[in-house]
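Please read the structure below before turning to the comments.
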There are 2 protein chains.
Amino acid sequence: MTADPDTGPLAFRSHDHSHCADGVLAEADALSERQGVKLTPVRRRALEILLRSHRAMGAYEVLERLAEDGFGKQPPVAYRALDFLVDHGLAHRIRRLNAFAACMCPGTAHRPAFFICHACNAVAEAPADAVGRAMDSAAEAIGFSVERMNVEAVGLCPACREVPHAAD
Amino acid sequence: MTADPDTGPLAFRSHDHSHCADGVLAEADALSERQGVKLTPVRRRALEILLRSHRAMGAYEVLERLAEDGFGKQPPVAYRALDFLVDHGLAHRIRRLNAFAACMCPGTAHRPAFFICHACNAVAEAPADAVGRAMDSAAEAIGFSVERMNVEAVGLCPACREVPHAAD
DNA sequence: GTTGACACGTTACGATATAACATACTAACA
DNA sequence: TGTTAGTATGTTATATCGTAACGTGTCAAC
């Protein structure tokens with residue numbers, strides 16, 4: 001039941017953020033190139049902000065950082081950059097939090113599920129292909145064709161389960 | 001939007017709404033009784049509004065109807081009633097739409113998935129226990145304990161698949 | 001060198017949600 | 001019966017999230 005902190009999803013284990021951010025950023029560059037879309041300065045910077053913060057961030061929070069870097073100061077600036085990232089699989093939108101998080105494995109076909117700890121606010125993206133397949137068959141049963149899906153769970157992460165009083 | 005908001009489909013098949021609304025309302029009464037919680041007039045009315053509209057409704061839309069019936073006119077009135085319904089399994093919150101929908105089978109343990117048609121805005125609640133189980137094992141693999149989850153898919157409902165030009 | 005597509009910026013506003021506080025009802029009980 | 005504690009409802013005010021609409025700059029295609 002209790003996971004090894006070194007084998008859980010990225011968000012729930014310790015590691016070198018700046019290292020993984022660089023890697024993903026490089027993948028994002030290559031991926032955009034291949035797809036023939038432009039990872040412009042604002043977009044790239046927005047992705048970098050998400051990657052380095054290494055958590056889910058609200059659009060206005062991202063906007064603030066972008067503004068500090070000399071980009072526009074108005075909401076559409078952030079929303080457009082973030083929407084681009086989501087549309088191209090470089091970030092995910094977490095509806096439950098009204099927030100965005102960098103995708104940790106862009107380019108690989110995956111239908112992620114998010115696990116949100118309500119005690120420490122950590123968010124983990126986990127592969128959930130089995131969940132995706134279950135959804136597909138549920139959809140098929142009612143004749144629905146799925147284009148996108150979000151799967152989000154709220155609960156306690158491994159660390160917070162061990163410190164019950166810290167939970168809210 | 002659906003042509004007639006009061007008869008637009010929640011599930012993707014036609015049936016007698018008023019009949020099913022009455023039934024669910026009765027179940028909700030019994031369920032609240034058993035749980036020792038109070039389905040007060042605002043709460044019951046909010047549920048009734050959701051049931052009769054038979055679709056996902058925004059909090060402000062529900063608020064408007066409640067106000068027409070002599071209840072409070074301010075947002076917290078609606079949010080509190082809706083939160084109560086959600087907490088007690090009488091309604092579901094659909095994050096993707098910032099909306100709420102009555103649960104069509106309250107009391108039965110279920111973890112529903114929602115299928116949202118982006119052409120006609122219909123929303124169907126489907127049993128998705130297989131999805132729930134898949135989530136449980138994904139969670140277990142990372143040591144996460146799930147308390148609540150949302151599973152929402154966007155795509156095309158059976159009717160809209162047949163009318164491609166109607167899709168947005 | 002004009003056109004068209006796109007990106008980026010702005011202003012202005014709309015939509016969603018909650019904090020904080022006042023008042024009333026109800027149930028338990030001295 | 002009066003008091004008290006808990007819960008429910010209502011208010012005002014404000015926070016937070018998101019988008020419409022429009023102007024300007026850039027750049028590649030023709």
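The chains referred to below are lettered A, B, ... by the order of the sequence lines, with proteins before strands, and numbering in each begins at 1. From a predicted model like this one, the values you see are computed outputs, not experimental measurements.
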Heavy-atom side-chain contact between L156(B) and E147(A) under 4.5 Å: yes

Partners passing side chain to side chain donor-acceptor pair (under 3.5 Å) against R111(A) (at least two apart in sequence or in another chain): D136(A)

Atom pair distance, as rounded to whole Å: CZ in R44(B) and P in dA8(D): 17 Å

Using the 3.5 Å cut-off, write out each protein N or O paired with an N or O of nucleotides 26-30 of chain D and the distance between them.
none

Contacts of F100(B) that satisfy ring pair (Phe, Tyr, Trp, His ring centres under 6.0 Å) - sequence neighbours left out: none

With sequence neighbours excluded, residues passing side chain to side chain contact (heavy atoms under 4.5 Å, CB included) with T40(B): K38(B), V42(B), R43(B)

Sub-4.5 Å side-chain heavy-atom contact between R96(A) and R148(B): yes

Summary of ring pair (Phe, Tyr, Trp, His ring centres under 6.0 Å) pairs that have at least one residue in residues 134-156 of chain A, sequence neighbours excluded: F144(A)-F12(B), F144(A)-F115(B)

Residue whose nearest DNA chain D nucleotide is more 5′ - N98(B) or V37(B): V37(B)

List, one per line, each side-chain donor-acceptor pair under 3.5 Å for residues 24-36 of chain B, sequence neighbours excluded.
{"unit_1": "D29(B)", "atom_1": "OD1", "unit_2": "R44(B)", "atom_2": "NE", "d": "3.0"}
{"unit_1": "D29(B)", "atom_1": "OD2", "unit_2": "R44(B)", "atom_2": "NE", "d": "3.3"}
{"unit_1": "D29(B)", "atom_1": "OD2", "unit_2": "R44(B)", "atom_2": "NH2", "d": "2.7"}
{"unit_1": "S32(B)", "atom_1": "OG", "unit_2": "A28(B)", "atom_2": "O", "d": "2.9"}

Between dC17(D) (P) and Y60(B) (OH): distance, integer Å: 14 Å

Sugar-phosphate, base or nothing in reach of R43(B), heavy atoms under 4.0 Å: sugar-phosphate

Whole-Å distance separating the CG atom of D69(B) from the C1' atom of dG10(D): 16 Å

Report all side-chain donor-acceptor pairs from residues 63-91 of chain A shorter than 3.5 Å, counting only partners two or more places apart or in another chain.
{"unit_1": "D69(A)", "atom_1": "OD2", "unit_2": "R45(A)", "atom_2": "NE", "d": "2.3"}
{"unit_1": "D69(A)", "atom_1": "OD2", "unit_2": "R45(A)", "atom_2": "NH2", "d": "3.0"}
{"unit_1": "H88(A)", "atom_1": "ND1", "unit_2": "F84(A)", "atom_2": "O", "d": "2.9"}

5' to 3' contact window, DNA chain C with chain A (heavy-atom distance under 4.0 Å): dA7(C) to dT11(C)

A159(A): partners by side chain to side chain contact (heavy atoms under 4.5 Å, CB included), with sequence neighbours left out: C157(A)

Sequence-distant partners of R95(A), side chain to side chain donor-acceptor pair (under 3.5 Å), two or more places apart: none

Which residues share a side chain to side chain donor-acceptor pair (under 3.5 Å) with N98(A), sequence neighbours left out: none

Proximity to DNA chain D (any heavy atom under 4.0 Å), residues of residues 70-94 of chain B only: F71(B), G72(B), K73(B), Q74(B), P76(B), V77(B), R80(B)

Value in whole Å for how far the P atom of dT16(D) lies from CZ of R95(A): 20 Å

